[in-house]
2 protein chains.
Amino acid sequence: MNYEFLPSVAAPLARVIQEFHKLPGIGPKSAQRLAYYLIRMPAEEAQSLAEAILAVKERVTFCNICQNITENSPCYLCSHESRDRSRICVVEEPMDVLSLERTQAYKGLYHVLHGVISPASGIGPENLKIRELLERLKGNDVQEIILATNPSLEGESTAMYVHRLLSPLVSHITRLARGLPVGSDLEYADEVTLSRALEGRQEV
Amino acid sequence: MNYEFLPSVAAPLARVIQEFHKLPGIGPKSAQRLAYYLIRMPAEEAQSLAEAILAVKERVTFCNICQNITENSPCYLCSHESRDRSRICVVEEPMDVLSLERTQAYKGLYHVLHGVISPASGIGPENLKIRELLERLKGNDVQEIILATNPSLEGESTAMYVHRLLSPLVSHITRLARGLPVGSDLEYADEVTLSRALEGRQEV
């Protein structure tokens, strides 16, 4: 839908609808709803939203150690004294760090690859932060690398690639367990997940 | 999810996630995805989005005739010479004007109520732009009022209320036809729609 050519739509409104529509997961109807919502919003709230958007671009940068997003480099996690420096958990995206931190089950460091190897999209290992990971291992006593890329085709092949690269350098390279999600039902599990759950079965 | 208390999340990021989460139809996960998308967006695009949001608040106002949103009052539609001034189509929201304009089947004027009567939400007739509609009818030769509120419970009762109020003033008061949506299937139509389609049947 092109609103520019509908003269009954005020130009600034047409523009904001198109800007919202560019964002991921926001279709033309949602963009329209957001734009109309904006009109009824108090001016301070709209101001606050616009400022927050600009602040992210101005103040957020990447940690020069773990490549995660941060306000100050090195980031909070890399510079925190209580974290276990002998473990690095390798993830695809900054969001994954957030998910893992929420579990409160991991006290080591992270490394964000910023993507996966995907020949179909023209993304090779050189486009990921793999070189930075190799640099980190030099001179640091890292005991374990946890490969926490997604259990998808691309996540798995990226994990395999990183594993091959790091196996001469680190003694323990592990992968997150694949199995039945907690609270799920055996009846509805797919065969691949179920066979992985069998393979990875543990002594009670 | 409160990101403020997760120190591993950069503060500006936590803030923009919360700002996005306030918007309608954007849950915590979508807000998070949008925020991370923002980080990878070119700075100019983020700037453009922020400016578009501010421009809507600064430059969009309401037409003092039809109450629709506009940059200049009276709006494009109210001031356009080719529009039929003897017809006014009464709608709930500015978005409805857009939907009707897209049909290119209506050449009259509009009146936006900015809501529906909803006792449950504490919205009475005095909260809508009904007084402004009555004012418009004074001194203007309006032949037809088309009640185009939604075919929902609240839309119907608002239409009935407006109908009662205007019937002494305007000769023709019509309501949009209720019936089967074009391209739909009789088998899947609900009974109410089907009985309305029967009631409103027309000579071929």
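Predicted model only: the values in this text are computed from it and were never measured. Heavy atoms only: backbone and side chains are in, while hydrogens, waters and symmetry mates are out. Letters A, B, ... mirror the listed sequences (proteins, then strands); counts begin at 1.
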Within this structure, what is the CD1-CG distance for the pair I17(B) and L98(A), rounded to the nearest 0.5 Å? 6.5 Å
Taking every non-hydrogen pair under 4.5 Å, which of T70(A), V60(A), I39(A) racks up the most with chain B? I39(A)
I need the contact set between residues 45-59 of chain B and chain A: heavy-atom distance under 4.5 Å, sorted by residue number. E45(B), A46(B), Q47(B), S48(B), L49(B), A50(B), E51(B), A52(B), I53(B), L54(B), A55(B), V56(B), K57(B), R59(B)
Greatest number of non-hydrogen atom pairs under 4.5 angstrom with chain B, of H80(A), E71(A), M95(A), falls to M95(A)
If I measure from the heavy atoms of chain B, does Y110(A) come under 4.5 Å with its side chain, its backbone, both, or neither? neither
Taking 4.5 Å as the heavy-atom cut-off, does anything in residues 144-162 of chain B contact chain A, and if so which residues? none
Counting a contact as any heavy-atom pair under 4.5 Å apart, which residues of residues 117-140 of chain B contact chain A? none
Just wondering, are more than 12 heavy atoms of other shown residues or ligands nearer than 6.0 Å to CD in E199(A)? yes
Using a heavy-atom distance cut-off of less than 4.5 Å, which residues of residues 175-195 of chain B contact chain A? none
Winner by heavy-atom pair count (cut-off under 4.5 Å) against chain A, out of L23(B), L77(B), V97(B): L23(B)
Flag side-chain contact, heavy atom, 4.5 Å: I26(A) against L34(B): yes
